[in-house]
Protein chains: 2
Amino acid sequence: MGDQANPEHLSVAAWTKRCYFAGRALMDATLRPYDLGATQWYVLWHLANNGPTVQRDLGRTLDLERATLSGIISTLVRKDLVAQTSSGDDQRQRLLTLTAAGEALWRKLPDLSFIHDTAFGGIDEADLATTIHVLRSATERLQNLLRKD
Amino acid sequence: MGDQANPEHLSVAAWTKRCYFAGRALMDATLRPYDLGATQWYVLWHLANNGPTVQRDLGRTLDLERATLSGIISTLVRKDLVAQTSSGDDQRQRLLTLTAAGEALWRKLPDLSFIHDTAFGGIDEADLATTIHVLRSATERLQNLLRKD
DNA sequence: CAATAATTGCAAGGTAGCGAACGAATGTCA
DNA sequence: TGACATTCGTTCGCTACCTTGCAATTATTG
């Protein structure tokens, strides 16, 4: 969030937010013709590349709360892109699979790697590493403080 | 979003998201006893420090869409923390002011600067500057691409 | 001055995120 | 074995973000 109107004086926190939303917006804009949200795309991407997955594992991989993922999955099931079967030994778990329609749609989707390339292409490797380090340590410190409550 | 379950191999993009949400979560947790969301806090903060403000200017300062801000303001008005008067020369504009209750609540709120300190305190100044530079240039490139459509 | 364009805010509808609470299934241990 | 705890998914209620479309107001321009 911006303390100042002038973009020169924004904090790390403010740029973190802006950057996140800019990337998200570009993803959303690219996927809009296909009626897909960014997180829905991540689910399809994972299923297309890793095959059927237990919902719990997918949640961990994509770092989503169970409640959040639940809603996204039900949207994808409603669109008939993903099938949710309760197969398996553990009757609590749900197995997620791409439907035929899901596979067909996935093949039609454009490659989104240009977004990451646009954002971080050509930037010094060392600077990227520094950025990851700063963001990661900040994230871990914040999460530690959260757990303390 | 995470390609890998292993936090060692996440991309810049994934850490940007994680870091944003970690800070957001800590803000939300701190403000929950006061029934305030993070963005609502930013609005009160701005009004408390800058006095009455036209809604349009506040939107620009906080980098929020008109529709988004509209909902947030109506929540704050419903809680009687902010008054929205259509005073002024331009009859389309709304002037936002803290109510007495809003001022009283603001004085009771805890200082949130510990969040930024937790996240980025003690980190090398040069690394912080690098991080800002990387995030800022990524954001600008993404926004340029967005405008092109 | 009248027609057109731009601006401001609102409402509706959709996506995504969270916490809390719940039922069903499974684990644990006295 | 039986009581208790944990895990998994869902639902509910909430914040916050976006787009589209609308109405009112103001600015511009022929």
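The analysis underlying the following values was restricted to heavy atoms, covering all of them including side chains, and did not include hydrogens, waters or symmetry mates. Note that the structure is predicted; figures quoted are calculated from it, not measured.
When ring centroids are compared, B/F120 and B/H116 come within the 6.0 Å threshold.
The residue A/D89 sits close only to the backbone: its heavy atoms come under 4.0 Å of sugar-phosphate atoms, none of a base.
If you take CG of A/L64 and C1' of C/dT15, they are 13 Å apart, rounded to a whole angstrom. When the P atom of D/dC18 is taken as reference, atom CG of B/L69 falls 11 Å away, rounded to whole Å. The interatomic distance linking A/Q93 (CD) with D/dC8 (P) rounds to 6 Å, in whole Å. Summarising the geometry, the separation between CD on B/Q40 and C1' on D/dT15 is reported as 7 Å, rounded to the nearest angstrom. Between B/R78 atom CZ and C/dC10 atom P the separation is 14 Å, expressed in whole Å. Taking atom CG of residue A/D28 and atom C1' of nucleotide C/dG14, one finds them 11 Å apart after rounding to whole Å. Rounded to whole Å, atom P of D/dA5 lies 16 Å from atom CZ of A/R92. Across the protein-nucleic acid pair, B/L36 atom CG and C/dC18 atom C1' stand 16 Å apart, rounded to whole Å.
Relative orientation of the A/W45 and A/W41 rings is parallel, given thresholds of 30° and 60° on the angle between their planes.
Put simply, B/K17 has a side-chain N or O that comes within less than 4.0 Å of OP1 or OP2 on C/dG17. Residue B/T68 places at least one side-chain N or O closer than 4.0 Å to OP1 or OP2 of D/dC18.
Position along DNA chain D of the nearest nucleotide to A/R32 versus A/R94 favours A/R94 as the more 5'-ward residue. Comparing B/I73 and B/F21 by the nucleotide of DNA chain C whose heavy atom lies nearest to each, the residue mapping closer to the 5' end is B/I73. Closest-nucleotide positions on DNA chain D for B/G37 and A/S70 were compared, and the one nearer the 5' end corresponds to A/S70.
Comparing atom distances between the B/Y20 side chain and each of D/dT19, C/dG17, D/dC17 picks out D/dC17 as nearest. Here the nucleotide nearest the side chain of B/T39, chosen from C/dA16, D/dC8, D/dC17, is D/dC17. With distances taken from any side-chain atom of B/A38 to the nucleotides C/dC10, D/dT6, D/dA16, the minimum falls on D/dA16. For A/I72, counting side-chain heavy atoms from C-beta on, the closest listed nucleotide (D/dC8, C/dG17, C/dT26) is C/dG17. In this structure, of D/dT26, C/dG9, D/dT19, it is D/dT26 that holds the atom nearest to the side chain of B/D90. For A/Q55, the listed nucleotide lying nearest its side chain is D/dT10; candidates were D/dT10, C/dC10, D/dC8. The nucleotide whose nearest atom lies closest to any side-chain atom of B/A67 is, among C/dG9, D/dT19, C/dT7, D/dT19.
One cannot find a donor-acceptor pair under 3.5 Å joining the base of C/dT8 and the side-chain atoms of B/R56. In this model, a side-chain donor or acceptor of B/R66 finds a partner on the base of C/dG9 within 3.5 Å.
Checked by atom type and distance alone, the side chain of B/T99 pairs as donor or acceptor with a backbone atom of B/D80 at under 3.5 Å. A donor-acceptor pair under 3.5 Å links the side-chain atoms of B/T53 to the main chain of B/G51, judged by distance alone.
Using modelled atom types, one finds a donor on one side chain and an acceptor on the other under 3.5 Å when comparing B/Q84 with B/Q55. Neither side chain, B/R136 nor B/T131, offers a donor N or O lying under 3.5 Å from an acceptor on the other.
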